[in-house]
Number of protein chains: 2
Amino acid sequence: MSPTAQVTPPPRTLTKNEALVFGILNGTDQPLSAYAILDQLRDDGLRAPVQVYRALDRLLEFGMAHRLESLNAFVACNHDHPEEAAQTAFAICESCGKVTEFTDPSLDEYLAYWAKSENFAPTRTTLELRGLCSACQ
Amino acid sequence: MSPTAQVTPPPRTLTKNEALVFGILNGTDQPLSAYAILDQLRDDGLRAPVQVYRALDRLLEFGMAHRLESLNAFVACNHDHPEEAAQTAFAICESCGKVTEFTDPSLDEYLAYWAKSENFAPTRTTLELRGLCSACQ
DNA sequence: GACTGAAATGTTACATCATTACATGAATTG
DNA sequence: CAATTCATGTAATGATGTAACATTTCAGTC
Ligand SMILES: [Zn+2]
Ligand SMILES: [Zn+2]
Ligand SMILES: [Zn+2]
Ligand SMILES: [Zn+2]
(Lines give C-alpha, C1' and ligand atoms only; values in the text may rest on other atoms or scores of the structure.)
(Ligands and ions follow the chains in the order given, each with its own letter.)
Protein backbone atom coordinates (compact mmCIF):
# COMPACT_ATOMS: atom_id res chain seq x y z
CA MET A 1 0.00 0.00 0.00
CA SER A 2 0.88 3.62 -0.59
CA PRO A 3 3.91 3.06 -2.77
CA THR A 4 6.28 5.89 -3.52
CA ALA A 5 6.72 5.00 -7.16
CA GLN A 6 6.56 2.07 -9.49
CA VAL A 7 10.00 0.55 -9.74
CA THR A 8 10.94 -1.43 -12.80
CA PRO A 9 13.13 -4.01 -11.12
CA PRO A 10 15.77 -4.79 -13.76
CA PRO A 11 18.25 -1.93 -13.68
CA ARG A 12 20.09 -3.40 -16.63
CA THR A 13 23.39 -1.82 -17.43
CA LEU A 14 22.95 1.86 -17.83
CA THR A 15 23.22 3.56 -21.16
CA LYS A 16 25.84 6.23 -21.68
CA ASN A 17 23.64 9.17 -20.75
CA GLU A 18 22.03 7.35 -17.85
CA ALA A 19 25.47 6.55 -16.47
CA LEU A 20 26.63 10.13 -16.88
CA VAL A 21 23.61 11.53 -15.07
CA PHE A 22 23.77 8.94 -12.34
CA GLY A 23 27.46 9.65 -11.88
CA ILE A 24 26.76 13.31 -11.22
CA LEU A 25 23.89 12.61 -8.83
CA ASN A 26 25.81 9.93 -7.01
CA GLY A 27 28.81 12.18 -6.55
CA THR A 28 27.03 14.63 -4.26
CA ASP A 29 24.64 14.66 -1.37
CA GLN A 30 22.99 17.78 -2.73
CA PRO A 31 19.79 17.77 -4.72
CA LEU A 32 20.47 18.93 -8.25
CA SER A 33 18.13 20.38 -10.82
CA ALA A 34 18.12 18.91 -14.30
CA TYR A 35 19.81 22.05 -15.56
CA ALA A 36 22.51 21.87 -12.90
CA ILE A 37 23.19 18.32 -14.01
CA LEU A 38 23.27 19.43 -17.62
CA ASP A 39 25.81 22.14 -16.82
CA GLN A 40 28.12 19.53 -15.34
CA LEU A 41 27.81 17.35 -18.42
CA ARG A 42 28.50 19.91 -21.14
CA ASP A 43 32.06 18.67 -21.46
CA ASP A 44 30.74 15.17 -21.99
CA GLY A 45 28.76 16.31 -25.00
CA LEU A 46 25.34 16.85 -23.52
CA ARG A 47 23.67 19.91 -24.94
CA ALA A 48 19.95 19.86 -24.22
CA PRO A 49 17.73 19.48 -21.16
CA VAL A 50 15.75 16.68 -22.73
CA GLN A 51 18.81 14.47 -22.70
CA VAL A 52 19.02 14.83 -18.95
CA TYR A 53 15.30 14.44 -18.39
CA ARG A 54 15.25 11.24 -20.40
CA ALA A 55 18.03 9.75 -18.32
CA LEU A 56 16.37 10.92 -15.11
CA ASP A 57 13.08 9.32 -16.13
CA ARG A 58 14.78 5.97 -16.35
CA LEU A 59 16.79 6.35 -13.18
CA LEU A 60 13.52 7.11 -11.41
CA GLU A 61 11.94 4.01 -12.94
CA PHE A 62 14.87 1.92 -11.72
CA GLY A 63 14.62 3.40 -8.25
CA MET A 64 18.16 4.71 -8.56
CA ALA A 65 17.14 8.34 -8.12
CA HIS A 66 14.34 10.30 -6.58
CA ARG A 67 12.64 13.53 -7.45
CA LEU A 68 12.12 16.07 -4.70
CA GLU A 69 8.87 17.79 -5.56
CA SER A 70 9.34 20.69 -3.21
CA LEU A 71 12.67 21.57 -4.85
CA ASN A 72 12.17 20.52 -8.46
CA ALA A 73 15.40 18.65 -8.03
CA PHE A 74 16.80 15.14 -8.01
CA VAL A 75 18.98 13.00 -5.77
CA ALA A 76 20.56 9.58 -6.10
CA CYS A 77 18.88 7.00 -3.93
CA ASN A 78 20.81 6.67 -0.74
CA HIS A 79 18.71 4.23 1.15
CA ASP A 80 18.26 0.49 1.36
CA HIS A 81 14.64 0.26 0.43
CA PRO A 82 12.80 -2.56 2.14
CA GLU A 83 11.68 -5.52 0.06
CA GLU A 84 8.16 -4.32 -0.05
CA ALA A 85 8.13 -0.93 -1.71
CA ALA A 86 7.36 1.23 1.26
CA GLN A 87 6.71 4.84 1.74
CA THR A 88 9.87 6.86 1.32
CA ALA A 89 10.21 10.17 3.09
CA PHE A 90 12.88 12.81 2.69
CA ALA A 91 14.36 15.21 5.20
CA ILE A 92 15.94 18.14 3.40
CA CYS A 93 18.25 20.53 5.19
CA GLU A 94 17.58 24.10 4.12
CA SER A 95 21.04 25.15 5.21
CA CYS A 96 23.46 22.58 3.80
CA GLY A 97 21.15 20.86 1.34
CA LYS A 98 21.77 17.40 2.71
CA VAL A 99 18.97 14.97 1.97
CA THR A 100 18.17 12.02 4.20
CA GLU A 101 15.81 9.28 3.11
CA PHE A 102 13.84 7.27 5.56
CA THR A 103 11.09 4.72 5.60
CA ASP A 104 8.98 3.42 8.41
CA PRO A 105 6.31 0.74 8.53
CA SER A 106 4.23 2.73 10.99
CA LEU A 107 4.03 5.58 8.53
CA ASP A 108 2.92 3.19 5.82
CA GLU A 109 0.38 1.73 8.17
CA TYR A 110 -1.01 5.06 9.11
CA LEU A 111 -1.36 6.20 5.51
CA ALA A 112 -2.85 2.88 4.46
CA TYR A 113 -5.29 3.12 7.31
CA TRP A 114 -6.33 6.63 6.37
CA ALA A 115 -6.62 5.70 2.69
CA LYS A 116 -8.82 2.74 3.51
CA SER A 117 -11.06 4.75 5.79
CA GLU A 118 -11.55 7.33 3.05
CA ASN A 119 -11.71 4.78 0.28
CA PHE A 120 -8.85 6.60 -1.42
CA ALA A 121 -6.58 4.47 -3.61
CA PRO A 122 -3.10 5.96 -3.54
CA THR A 123 -0.64 5.36 -6.33
CA ARG A 124 2.16 7.65 -5.27
CA THR A 125 3.03 9.62 -2.19
CA THR A 126 5.26 12.59 -1.59
CA LEU A 127 6.55 13.21 1.92
CA GLU A 128 9.22 15.85 2.31
CA LEU A 129 10.38 17.52 5.50
CA ARG A 130 12.20 20.79 5.20
CA GLY A 131 14.26 22.07 8.07
CA LEU A 132 17.69 21.92 9.62
CA CYS A 133 19.77 18.80 9.90
CA SER A 134 21.56 17.98 13.11
CA ALA A 135 24.83 19.47 11.87
CA CYS A 136 23.25 22.80 10.94
CA GLN A 137 21.37 23.75 14.09
CA MET B 1 6.20 20.38 16.03
CA SER B 2 6.36 19.74 12.32
CA PRO B 3 4.21 22.63 11.21
CA THR B 4 2.97 22.81 7.67
CA ALA B 5 3.57 26.50 7.29
CA GLN B 6 3.82 29.61 9.35
CA VAL B 7 0.41 31.19 9.53
CA THR B 8 0.11 34.90 10.16
CA PRO B 9 -3.08 34.83 12.19
CA PRO B 10 -4.78 38.10 11.25
CA PRO B 11 -6.40 37.55 7.88
CA ARG B 12 -7.46 41.19 7.80
CA THR B 13 -9.80 42.13 5.03
CA LEU B 14 -8.33 41.06 1.77
CA THR B 15 -7.03 43.53 -0.75
CA LYS B 16 -8.59 43.65 -4.18
CA ASN B 17 -6.18 41.24 -5.82
CA GLU B 18 -6.12 38.90 -2.86
CA ALA B 19 -9.93 38.77 -2.94
CA LEU B 20 -9.97 38.13 -6.68
CA VAL B 21 -7.50 35.28 -6.42
CA PHE B 22 -9.20 33.79 -3.40
CA GLY B 23 -12.54 34.03 -5.17
CA ILE B 24 -11.26 31.94 -8.04
CA LEU B 25 -9.65 29.36 -5.80
CA ASN B 26 -12.65 29.16 -3.54
CA GLY B 27 -14.99 28.67 -6.47
CA THR B 28 -13.59 25.30 -7.45
CA ASP B 29 -12.41 22.09 -5.87
CA GLN B 30 -9.70 21.78 -8.49
CA PRO B 31 -6.11 22.79 -7.93
CA LEU B 32 -5.23 25.70 -10.17
CA SER B 33 -1.87 26.90 -11.38
CA ALA B 34 -1.02 30.56 -10.98
CA TYR B 35 -1.35 30.97 -14.72
CA ALA B 36 -4.76 29.33 -14.77
CA ILE B 37 -5.86 31.77 -12.10
CA LEU B 38 -4.43 34.64 -14.10
CA ASP B 39 -6.36 33.58 -17.18
CA GLN B 40 -9.58 33.75 -15.22
CA LEU B 41 -8.76 37.23 -13.99
CA ARG B 42 -7.84 38.92 -17.25
CA ASP B 43 -11.26 40.53 -17.43
CA ASP B 44 -10.71 41.93 -13.97
CA GLY B 45 -7.63 43.76 -15.12
CA LEU B 46 -4.88 41.40 -14.06
CA ARG B 47 -2.15 41.15 -16.62
CA ALA B 48 0.97 39.63 -15.12
CA PRO B 49 1.82 36.46 -13.21
CA VAL B 50 3.51 38.39 -10.45
CA GLN B 51 0.18 39.91 -9.48
CA VAL B 52 -1.22 36.46 -8.87
CA TYR B 53 1.87 35.19 -7.10
CA ARG B 54 1.83 38.15 -4.72
CA ALA B 55 -1.77 37.48 -3.79
CA LEU B 56 -1.06 33.77 -3.41
CA ASP B 57 1.88 34.45 -1.12
CA ARG B 58 -0.40 36.30 1.25
CA LEU B 59 -3.20 33.78 1.09
CA LEU B 60 -0.65 31.12 1.97
CA GLU B 61 0.56 33.24 4.91
CA PHE B 62 -2.99 33.61 6.13
CA GLY B 63 -3.61 29.90 5.81
CA MET B 64 -6.40 30.55 3.34
CA ALA B 65 -4.78 28.61 0.54
CA HIS B 66 -2.26 25.83 0.12
CA ARG B 67 0.34 25.04 -2.45
CA LEU B 68 0.47 21.51 -3.82
CA GLU B 69 4.12 20.89 -4.54
CA SER B 70 3.57 17.84 -6.65
CA LEU B 71 1.30 19.78 -9.01
CA ASN B 72 2.74 23.29 -8.89
CA ALA B 73 -0.79 24.38 -8.14
CA PHE B 74 -2.89 25.96 -5.45
CA VAL B 75 -6.15 25.25 -3.64
CA ALA B 76 -8.27 27.17 -1.20
CA CYS B 77 -8.09 25.77 2.30
CA ASN B 78 -11.00 23.46 2.81
CA HIS B 79 -10.30 22.14 6.24
CA ASP B 80 -10.85 23.18 9.81
CA HIS B 81 -7.30 23.24 11.00
CA PRO B 82 -6.86 22.30 14.62
CA GLU B 83 -5.86 24.99 17.10
CA GLU B 84 -2.30 23.88 17.12
CA ALA B 85 -0.98 24.13 13.61
CA ALA B 86 -0.71 20.47 12.78
CA GLN B 87 0.61 18.55 9.87
CA THR B 88 -1.67 18.91 6.88
CA ALA B 89 -1.79 16.20 4.27
CA PHE B 90 -3.49 16.23 0.90
CA ALA B 91 -5.11 13.46 -1.07
CA ILE B 92 -5.27 14.41 -4.72
CA CYS B 93 -7.43 12.48 -7.17
CA GLU B 94 -5.64 11.99 -10.46
CA SER B 95 -8.93 11.46 -12.25
CA CYS B 96 -11.24 14.23 -11.11
CA GLY B 97 -8.70 16.52 -9.47
CA LYS B 98 -10.53 16.67 -6.18
CA VAL B 99 -8.29 17.56 -3.26
CA THR B 100 -9.00 16.42 0.27
CA GLU B 101 -7.11 17.85 3.22
CA PHE B 102 -6.61 15.90 6.36
CA THR B 103 -4.72 16.15 9.60
CA ASP B 104 -4.06 13.61 12.26
CA PRO B 105 -2.29 13.81 15.59
CA SER B 106 -0.72 10.40 15.14
CA LEU B 107 0.91 11.57 11.95
CA ASP B 108 2.29 14.60 13.75
CA GLU B 109 3.49 12.39 16.54
CA TYR B 110 5.23 10.02 14.21
CA LEU B 111 7.01 12.79 12.31
CA ALA B 112 7.94 14.58 15.52
CA TYR B 113 9.30 11.33 16.87
CA TRP B 114 11.38 10.69 13.79
CA ALA B 115 12.64 14.26 13.73
CA LYS B 116 13.68 14.07 17.36
CA SER B 117 15.44 10.76 16.90
CA GLU B 118 17.42 12.20 13.99
CA ASN B 119 17.86 15.58 15.60
CA PHE B 120 16.25 17.13 12.54
CA ALA B 121 14.39 20.40 13.10
CA PRO B 122 11.55 20.60 10.61
CA THR B 123 10.09 23.92 9.58
CA ARG B 124 7.74 22.79 6.88
CA THR B 125 6.37 19.50 5.66
CA THR B 126 4.83 18.38 2.43
CA LEU B 127 2.66 15.28 2.41
CA GLU B 128 0.71 14.60 -0.73
CA LEU B 129 -1.03 11.39 -1.75
CA ARG B 130 -1.85 10.94 -5.41
CA GLY B 131 -4.39 8.38 -6.44
CA LEU B 132 -8.08 7.85 -7.03
CA CYS B 133 -10.80 9.22 -4.82
CA SER B 134 -13.71 7.05 -3.79
CA ALA B 135 -15.91 8.42 -6.56
CA CYS B 136 -13.40 7.67 -9.30
CA GLN B 137 -12.51 4.04 -8.67
C1' DG C 1 -7.16 70.20 2.00
C1' DA C 2 -1.95 69.33 1.30
C1' DC C 3 2.11 66.57 2.83
C1' DT C 4 4.13 62.31 3.72
C1' DG C 5 5.28 57.49 4.20
C1' DA C 6 3.76 52.81 3.70
C1' DA C 7 1.17 49.41 1.30
C1' DA C 8 -0.70 47.81 -2.83
C1' DT C 9 -0.67 47.60 -7.61
C1' DG C 10 1.13 47.80 -12.33
C1' DT C 11 4.67 46.92 -16.11
C1' DT C 12 8.52 44.94 -18.26
C1' DA C 13 11.82 41.85 -18.61
C1' DC C 14 13.94 37.82 -17.40
C1' DA C 15 15.10 33.28 -15.03
C1' DT C 16 14.09 28.55 -14.35
C1' DC C 17 11.88 24.13 -15.21
C1' DA C 18 10.00 20.75 -18.55
C1' DT C 19 8.10 18.82 -22.96
C1' DT C 20 7.03 18.17 -28.07
C1' DA C 21 8.41 17.07 -32.56
C1' DC C 22 11.35 15.37 -35.49
C1' DA C 23 15.97 13.69 -37.21
C1' DT C 24 19.92 10.65 -36.84
C1' DG C 25 22.71 6.76 -35.31
C1' DA C 26 23.60 2.22 -33.20
C1' DA C 27 22.28 -2.35 -31.88
C1' DT C 28 19.29 -6.46 -32.59
C1' DT C 29 17.05 -9.82 -35.11
C1' DG C 30 14.81 -12.65 -38.54
C1' DC D 1 20.97 -7.28 -45.31
C1' DA D 2 16.48 -5.17 -44.51
C1' DA D 3 13.39 -4.26 -40.71
C1' DT D 4 12.71 -2.97 -36.22
C1' DT D 5 13.78 -1.04 -31.95
C1' DC D 6 16.22 1.66 -28.78
C1' DA D 7 19.23 5.43 -27.68
C1' DT D 8 20.72 9.81 -28.86
C1' DG D 9 20.80 14.47 -30.91
C1' DT D 10 18.73 19.11 -32.20
C1' DA D 11 15.55 22.84 -32.27
C1' DA D 12 11.76 25.00 -30.74
C1' DT D 13 8.36 25.92 -27.48
C1' DG D 14 5.53 25.67 -23.31
C1' DA D 15 4.96 26.22 -18.30
C1' DT D 16 6.26 28.07 -13.92
C1' DG D 17 8.30 31.67 -11.08
C1' DT D 18 10.99 36.13 -9.85
C1' DA D 19 13.59 40.74 -10.04
C1' DA D 20 13.59 45.49 -10.70
C1' DC D 21 11.43 49.50 -10.85
C1' DA D 22 7.41 52.82 -11.64
C1' DT D 23 2.93 54.35 -10.26
C1' DT D 24 -1.19 54.55 -7.54
C1' DT D 25 -3.86 54.32 -3.28
C1' DC D 26 -4.66 55.31 1.26
C1' DA D 27 -4.11 56.47 6.19
C1' DG D 28 -2.12 59.55 9.38
C1' DT D 29 -0.61 64.17 10.24
C1' DC D 30 -0.28 68.92 9.95
ZN1 LIG E 1 15.73 5.69 -2.24
ZN1 LIG F 1 22.39 20.81 7.21
ZN1 LIG G 1 -6.10 23.95 5.00
ZN1 LIG H 1 -11.82 11.55 -8.24
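What's counted below: heavy atoms across the whole structure, side chains too, no hydrogens, waters or symmetry copies. Here is how names work: the chains are called A, B, and so on, in the same order as the sequence lines, proteins then strands, and each is numbered from 1.
The ring-ring contact (aromatic ring centres under 6.0 Å, His included) search around His79(B) returns His81(B), not counting sequence neighbours.
From Glu128(A), atom CD reaches atom CZ of Phe90(A) across 7.0 Å, with rounding to the nearest 0.5 Å. Within the model, atoms OH of Tyr113(A) and OG of Ser106(A) stand 15.0 Å from one another, a figure rounded to the nearest 0.5 Å. The line from CD of Gln30(B) to CG of Leu25(B) is 12.0 Å long, rounded to the nearest 0.5 Å. Taking CG of Leu68(A) as the start and OG of Ser70(B) as the end, the distance is 13.0 Å to the nearest 0.5 Å. Within the model, atoms CG of Asn17(B) and CG of Leu46(B) stand 4.5 Å from one another, a figure rounded to the nearest 0.5 Å.
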Pair up each side-chain donor or acceptor in residues 92-100 of chain A with any protein partner under 3.5 Å, not counting sequence neighbours, and list the distances.
unit_1: Glu94(A); atom_1: OE1; unit_2: Arg130(A); atom_2: NE; d: 3.3
unit_1: Glu94(A); atom_1: OE1; unit_2: Arg130(A); atom_2: NH2; d: 3.0
unit_1: Glu94(A); atom_1: OE2; unit_2: Thr123(B); atom_2: OG1; d: 3.0

Do any side-chain atoms of residues 35-42 of chain A form donor-acceptor pairs under 3.5 angstrom with protein atoms, and if so which ones, sequence neighbours left out?
unit_1: Arg42(A); atom_1: NH1; unit_2: Arg47(A); atom_2: O; d: 3.1

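Rounded to an integer number of Å, the gap from Leu71(A) CG to dG17(D) C1' is 15 Å. We find that CD of Glu61(A) is positioned 12 Å from P of dC6(D), with the value rounded to whole Å.
Of all nucleotides in DNA chain C having an atom under 4.0 Å from a heavy atom of chain A, the first and last in 5' to 3' order are dC17(C) to dT20(C).
When each of Ala73(A) and Ala48(B) is assigned the nucleotide of DNA chain C bearing its nearest heavy atom, the one mapping closer to the 5' terminus is Ala48(B).
Of the charged side-chain nitrogens involved, none lies within less than 4.0 Å of a carboxylate oxygen, so that Glu109(A) and Lys116(A) do not count as a salt-bridged pair.
Shown for residues 50-59 of chain A: residues whose heavy atoms fall under 4.0 angstrom of DNA chain D, namely Val50(A), Gln51(A), Arg54(A), Arg58(A). In the region residues 27-41 of chain A, proximity to DNA chain D at under 4.0 angstrom, judged on heavy atoms, holds for none of the residues.
The ring of Phe74(A) has its center no closer than 6.0 angstrom to the ring center of His66(A).
Under 4.0 angstrom from either OP1 or OP2 of dG17(D) there lies no side-chain N or O belonging to Asn72(A).
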